[in-house]
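Presented below is the structure to which this report refers.
Here the structure is a predicted model, which means the values were calculated and not measured.
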Amino acid sequence: MISSPVFPKQSLACHSPSFSCYLIPSFTSRRIYAKALNSYVNRRTVAITTLVSLLAAKEAGFSHHSAIALDLRLTAPGQTIEEADDGIRRHAQLLLEVKPLLESESWTEAQKLLRKSSSNLKQDLYTIIQNKPGRERPQLRKLYSILFNNVSQLDFAARDKDADRAFQYYKSISVALEDILSRI
């Protein structure tokens with residue numbers, strides 16, 4: 001005796017299973033996916049190539065006068081120790097001239113002068129430290145670090161318009177400058 005199925009065929013069609021299965025894509029859908037992938041890679045390659053060529057063209061006509069604000073050099077090429085020594089004295093004096101701006105609470109101007117003079121002073125000091133004998137460098141680097149950490153803190157105090165902190169860091173800067181200049 002042949003048994004009949006438990007569920008008739010019509011009822012199976014109405015009830016879908018509660019699980020999903022993974023369907024393997026057909027050959028046609030694989031080809032469409034590959035074509036889309038290749039076009040994406042081609043578009044990306046074209047976009048990158050275009051961007052690089054535009055940047056190269058821009059660099060060809062680049063003027064150094066337009067990038068005065070973006071000076072990423074740490075040492076000036078060809079700068080002698082004498083030039084750096086003269087620069088240190090001038091830039092140290094400029095750095096100390098921030099005090100009247102702090103007293104008058106001209107915070108923005110103080111920040112501008114502080115950033116300009118400290119940037120130039122940093123270049124000069126680095127050049128001189130690099131030309132010192134190896135045994136003198138660690139102490140000079142420590143003073144260099146102290147000086148410019150205080151410069152950064154003074155910049156933050158000026159940004160926050162905190163006169164007490166600003167004068168505290170100004171005093172630390174003047175002491176560090178005196179110490180560095182006496183050792184150089």
Side-chain angles (χ1 to χ4, degrees), residues 44-45 47-184:
R44 183 174 43 176
T45 304
I48 290 171
T49 306
T50 304
L51 183 63
V52 167
S53 64
L54 286 174
L55 289 174
K58 189 175 183 180
E59 285 291 311
F62 184 75
S63 170
H64 288 288
H65 298 297
S66 64
I68 290 174
L70 185 64
D71 189 6
L72 300 176
R73 298 174 302 159
L74 191 55
T75 60
Q79 184 180 30
T80 65
I81 297 174
E82 293 79 21
E83 291 171 343
D85 191 36
D86 291 341
I88 282 180
R89 308 271 179 226
R90 279 184 287 130
H91 298 127
Q93 187 60 38
L94 273 174
L95 189 61
L96 294 175
E97 288 177 8
V98 171
K99 187 175 183 178
L101 295 172
L102 295 174
E103 289 171 342
S104 67
E105 295 185 356
S106 302
W107 303 113
T108 307
E109 291 80 15
Q111 283 182 301
K112 287 178 185 176
L113 180 62
L114 180 71
R115 290 173 184 168
K116 182 180 179 183
S117 61
S118 68
S119 173
N120 295 330
L121 182 63
K122 194 177 275 192
Q123 280 183 346
D124 296 333
L125 265 175
Y126 187 82
T127 301
I128 288 182
I129 290 172
Q130 288 303 103
N131 288 309
K132 289 288 183 181
R135 58 184 168 77
E136 294 179 24
R137 288 184 196 166
Q139 184 61 32
L140 289 172
R141 285 185 183 139
K142 183 178 179 183
L143 293 171
Y144 175 92
S145 175
I146 291 169
L147 172 66
F148 290 107
N149 285 338
N150 283 320
V151 167
S152 295
Q153 292 300 320
L154 176 58
D155 190 28
F156 295 144
R159 181 193 63 192
D160 297 340
K161 299 178 182 176
D162 186 350
D164 294 333
R165 277 186 28 223
F167 284 110
Q168 173 190 354
Y169 290 117
Y170 178 81
K171 289 176 187 174
S172 298
I173 288 170
S174 62
V175 168
L177 270 175
E178 286 176 20
D179 198 9
I180 288 175
L181 292 176
S182 68
R183 293 173 190 256
I184 292 178

**OP:** Go through the steps to decide whether Ile128 and Asp124 satisfy the test side chain to side chain contact (heavy atoms under 4.5 Å, CB included), and finish with yes or no.
**Re:** CA-CA 6 Å; Ile128 288 182; Asp124 296 333; 5.7 Å; no

**OP:** Under the side chain to side chain contact (heavy atoms under 4.5 Å, CB included) rule, what do Val175 and Asn150 come out as? Steps first, then yes or no, please.
**Re:** CA-CA 11 Å; Val175 168; Asn150 283 320; over 6 Å; no

Subject >> Verdict with supporting geometry, Asp179 and Arg183, salt bridge (Lys or Arg N to Asp or Glu O under 4.0 Å) >> reply: CA-CA 6 Å; Asp179 198 9; Arg183 293 173 190 256; 3.0 Å; yes

Original post:
So which heavy atom on Glu109 is nearest to which on Ser106, and how close?
Top reply: OE1-CB, 3.2 Å

Subject >> pair Val98-Ile173: side-chain heavy atoms closer than 4.5 Å >> reply: no

Original post:
When rounded to the nearest 0.5 angstrom, what is the spacing between NZ in Lys99 and OG in Ser104?
Top reply: 12.5 Å

**OP:** Output the distance between atom CZ (Arg90) and atom OG (Ser117), rounded to the nearest 0.5 Å.
**Re:** 12.0 Å

Subject >> Heavy-atom side-chain proximity of Thr127 to Asn131 below 4.5 angstrom >> reply: yes

Original post:
Do Leu96 and Tyr170 pass the side chain to side chain contact (heavy atoms under 4.5 Å, CB included) test, and can you show the C-alpha distance, the side-chain angles, and the key distance before you say yes or no?
Top reply: CA-CA 8 Å; Leu96 294 175; Tyr170 178 81; 3.7 Å; yes

Original post:
Going through the distances and angles, do Asn120 and Leu94 end up as a side chain to side chain contact (heavy atoms under 4.5 Å, CB included)?
Top reply: CA-CA 10 Å; Asn120 295 330; Leu94 273 174; 5.8 Å; no

Original post:
Tyr144 and Tyr126: which non-hydrogen atoms are nearest, and at how many Å?
Top reply: CE1-N, 4.3 Å

Original post:
Looking at Arg165 and Gln153, what are the two nearest heavy atoms and their distance?
Top reply: NH2-O, 4.3 Å

Subject >> Inter-residue atom distance Leu177.CG - Leu95.CG, 0.5 Å rounding >> reply: 5.5 Å

Subject >> Interatomic distance, Ile129 atom CD1 to Ile184 atom CD1 [nearest 0.5 angstrom] >> reply: 6.0 Å

**OP:** Find the distance between CD1 (Ile180) and CD1 (Ile88) and round it off to the nearest 0.5 Å.
**Re:** 8.0 Å

**OP:** Return yes when atom NZ of Lys132 has more than 12 non-hydrogen atoms of other residues, nucleotides or ligands closer than 6.0 Å, and no otherwise.
**Re:** yes

Original post:
Can any side-chain N or O of Ser119 pair as donor or acceptor with the backbone N or O of Lys116 at less than 3.5 Å?
Top reply: no

Subject >> Pairwise side-chain contact, Trp107 with Leu101, heavy-atom cut-off 4.5 Å (strictly under) >> reply: no

Original post:
Are Gln93 and Glu97 close enough that some pair of their side-chain heavy atoms sits under 4.5 Å apart?
Top reply: yes

Original post:
Quick one: NZ on Lys122 to CZ on Arg115, what's the gap to the nearest 0.5 Å?
Top reply: 12.0 Å

Original post:
Is there side-chain contact between Leu121 and Val151, with heavy atoms separated by less than 4.5 Å?
Top reply: no

